[in-house]
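One structure is given below, encoded as structure tokens.
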Number of protein chains: 2
Amino acid sequence: MSPRKNEKIQEIRDIRQHELKEAAIELFGTKGYAATKISDITNKAEQSHGLFYHYFKSKEDLYVKVILELLTVIIGTVDQAEEEHDSPLKQLEWLTEVTHSGSLRDGVHRHILIMQALYSDHLTQEVKEEIVGKYRFMVERIEHIIIRGQISGEFIEGDAEELAVYHLSLVHGLLLTNARKISPIKVSAEKVLRQLKRHPGQGDDQ
Amino acid sequence: MSPRKNEKIQEIRDIRQHELKEAAIELFGTKGYAATKISDITNKAEQSHGLFYHYFKSKEDLYVKVILELLTVIIGTVDQAEEEHDSPLKQLEWLTEVTHSGSLRDGVHRHILIMQALYSDHLTQEVKEEIVGKYRFMVERIEHIIIRGQISGEFIEGDAEELAVYHLSLVHGLLLTNARKISPIKVSAEKVLRQLKRHPGQGDDQ
DNA sequence: GTCTATAAAGGGATAGAC
DNA sequence: GTCTATCCCTTTATAGAC
């Protein structure tokens with residue numbers, strides 16, 4: 001078998017796996033893990049049922065791989081926010097916008113999926129810990145941005161961890177609210193950051 | 001059969017049904033609808049598997065009944081907030097506290113369950129509309145409280161519907177964050193209402 | 001009203017042909 | 001690498017005895 005041939009085969013493998021992952025993200029994110037059937041995933045990815053098991057050991061295998069990849073991407077987004085913007089306020093504004101952007105396919109399902117994963121109880125202890133660890137790391141990064149914002153005077157005073165929880169809870173709550181189409185609103189980063197931003201003119205002892 | 005006897009039988013029916021509903025609320029709320037087995041419910045309620053079908057037509061039947069009842073209870077809580085407190089700010093503070101109170105069993109699972117129901121897609125159109133209708137009614141009630149708070153000058157200006165969505169999203173996001181035990185915090189109504197409360201001293205043109 | 005046993009269906013996973 | 005057919009376990013739902 002020529003090296004050229006191997007390359008081609010590897011390319012096909014990558015494409016098929018990617019198709020399944022993309023389908024899975026949307027389905028897991030909307031229906032949840034338990035309610036999503038293998039056949040739902042393969043149908044959406046336009047593959048046969050059997051082929052699934054050529055690429056993933058099991059439904060849970062795919063699930064865990066997808067979650068961990070998404071967490072890595074999200075952490076990468078935090079990196080990007082810190083690289084591309086100077087002020088902590090601008091960093092969180094940009095992050096918030098990115099999180100809510102991409103009409104469905106992009107950011108939203110991915111974040112919803114992470115939330116569900118953190119909340120689910122069907123994973124083994126080890127896997128769960130790996131996921132929680134990555135998530136915690138992300139929260140800590142937000143926390144540090146908030147601390148720098150407090151020092152610069154852009155953000156209100158208070159326990160940074162608690163403020164991070166309030167901020168992320170609002171972001172995630174809005175994602176869920178917009179995911180179901182009941183009272184969808186255009187999320188604005190400025191409005192999200194209302195609860196974190198310092199109001200000039202009061203207690204300005206900087 | 002004496003009337004006394006019928007009463008007794010009815011009482012047993014009510015108790016059994018209630019036990020199943022309570023168990024279902026906790027399980028649906030933590031594991032989700034699809035992942036919850038009938039046997040999970042009957043085990044928790046300490047009943048036999050078969051008895052379930054003596055009280056409910058199906059798993060979905062129980063689910064729908066529970067959701068609709070919970071929505072009625074939540075709307076009743078909004079009524080209570082308006083009866084027992086005068087100022088819109090106090091009303092929302094009280095509601096927020098009540099929602100996050102009751103260490104697990106009480107409020108929290110119930111609200112999480114509602115959120116999941118609004119977001120799920122396995123229900124028939126009619127049932128879904130009934131649920132969404134009740135939920136919308138609740139959101140409108142919050143909206144009206146916000147409008148009154150804007151008139152009284154307690155709340156910031158802006159589209160009341162949008163403000164209601166931000167408020168409820170934060171409340172729900174915090175419920176979810178606290179439900180998984182990753183970074184649990186003591187939710188304070190005052191902090192939740194930071195994003196809604198007017199800051200004295202700026203634009204005070206009342 | 002309550003239980004155990006069983007039927008019926010659904011869906012995850014595998015086998016084997018192409 | 002891909003597909004169809006099938007296995008088999010899990011879970012919903014029913015039957016029938018007590």
Side-chain angles (χ1 to χ4, degrees), chain A residues 1-24 26-28 30-67 120-124 127, chain B residues 1-24 27-28 30-66 120-124 127:
Chain A
M1 222 186 274
S2 70
R4 201 78 196 80
K5 184 90 183 178
N6 276 330
E7 224 172 82
K8 196 75 190 168
I9 287 174
Q10 186 57 42
E11 196 183 316
I12 289 175
R13 289 189 66 88
D14 290 346
I15 290 171
R16 288 279 170 280
Q17 282 207 20
H18 186 254
E19 286 168 349
L20 289 171
K21 280 179 184 170
E22 284 300 308
E26 185 169 336
L27 287 163
F28 285 148
T30 50
K31 310 178 67 165
Y33 175 79
T36 299
K37 294 172 273 193
I38 303 287
S39 55
D40 291 335
I41 298 170
T42 51
N43 284 343
K44 189 174 268 289
E46 290 174 319
Q47 294 179 27
S48 71
H49 188 141
L51 192 54
F52 178 92
Y53 293 92
H54 203 75
Y55 291 109
F56 297 98
K57 219 176 87 282
S58 65
K59 184 175 157 184
E60 182 173 325
D61 176 38
L62 165 62
Y63 186 71
V64 172
K65 285 196 171 114
V66 160
I67 299 286
S120 68
D121 61 349
H122 60 86
L123 299 168
T124 66
V127 171
Chain B
M1 221 185 276
S2 68
R4 202 77 197 80
K5 182 93 183 178
N6 277 327
E7 225 172 80
K8 197 77 191 168
I9 286 175
Q10 187 56 42
E11 194 182 317
I12 289 175
R13 290 188 67 88
D14 290 345
I15 290 171
R16 288 280 170 278
Q17 282 206 20
H18 187 254
E19 286 168 349
L20 289 170
K21 281 179 185 170
E22 284 299 309
L27 287 164
F28 286 149
T30 50
K31 309 179 66 165
Y33 175 79
T36 300
K37 294 171 276 192
I38 302 286
S39 56
D40 291 335
I41 298 170
T42 51
N43 283 343
K44 189 174 270 286
E46 291 175 318
Q47 294 179 27
S48 72
H49 188 141
L51 193 54
F52 178 92
Y53 292 92
H54 202 75
Y55 290 108
F56 298 99
K57 220 176 87 280
S58 65
K59 184 175 156 183
E60 182 173 326
D61 175 39
L62 165 63
Y63 186 70
V64 172
K65 286 196 170 115
V66 160
S120 69
D121 62 349
H122 59 88
L123 300 167
T124 66
V127 171

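Since the model is a prediction, treat every value here as computed from it, not as a measurement.
- Taking side-chain N and O atoms only, A:Tyr55 has no distance below 4.0 Å to OP1 or OP2 of D:dG1.
- Atom CD1 in A:Ile38 sits about 17 Å away from atom P in D:dT2, given to the nearest Å.
- In this structure, NE2 of A:His49 is placed 13 Å from C1' of D:dC8, rounded to the nearest angstrom.
- The 12-atom threshold is not exceeded at CD of A:Glu46, counting heavy atoms of other residues, nucleotides or ligands nearer than 6.0 Å.
- Under 4.0 angstrom from either OP1 or OP2 of D:dT2 there lies no side-chain N or O belonging to A:His54.
- Taking atom NE2 on B:His122 and atom P on D:dT11, their separation rounds to 17 Å, with Å as the unit.
- In this structure, CZ of B:Phe56 is placed 13 Å from P of C:dT2, rounded to the nearest angstrom.
- Rounded to whole Å, the distance from CG on A:Leu51 to P on C:dA17 is 18 Å.
- Note: A:Glu22 CD to A:Leu27 CG = 11.5 Å, rounded to the nearest 0.5 Å.
- Taking the six-membered ring where tryptophan is involved, the planes of A:His122 and A:Tyr33 are essentially parallel, since the angle between them stays under 30° and well short of 60°.
- The side chain of B:Ile9 has C:dG1 as its nearest neighbour among C:dG1, C:dA13, D:dG1.
- Atom C1' of nucleotide D:dA13 and atom OH of B:Tyr63 are separated by 20 Å, given to the nearest angstrom.
- Within the nucleic acid shown, B:Thr36 comes within 4.0 Å of sugar-phosphate atoms alone, with no base atom in reach, counting heavy atoms only.
- Neither OP1 nor OP2 of C:dG1 sits under 4.0 Å from any side-chain N or O of B:Arg16.
- Of the candidate nucleotides C:dA13, D:dT2, D:dT12, D:dT12 has the atom lying nearest to any side-chain atom of B:Lys37.
- In this structure, the NZ atom of B:Lys59 is 21 Å from the P atom of C:dA8, given to the nearest Å.
- DNA chain D is contacted by both A:Gln47 and B:Lys57; A:Gln47 maps to the nucleotide lying nearer its 5′ end (nearest heavy atom per residue).
- In terms of heavy-atom proximity, A:Gln47 sits nearest to A:Glu19 at NE2-OE1, 3.0 Å.
- Nearer the 5' end of DNA chain C, as judged by each residue's closest nucleotide, is the contact made by B:Gln10, out of B:Gly50 and B:Gln10.
- Between B:Phe56 and B:Phe52, the ring-plane angle classifies as tilted under the 30° and 60° cut-offs.
- For A:Tyr53, no side-chain nitrogen or oxygen approaches OP1 or OP2 of C:dT14 to under 4.0 Å.
- Rounding to whole angstrom units, CG of residue A:Leu20 and P of C:dA13 are separated by 14 Å.
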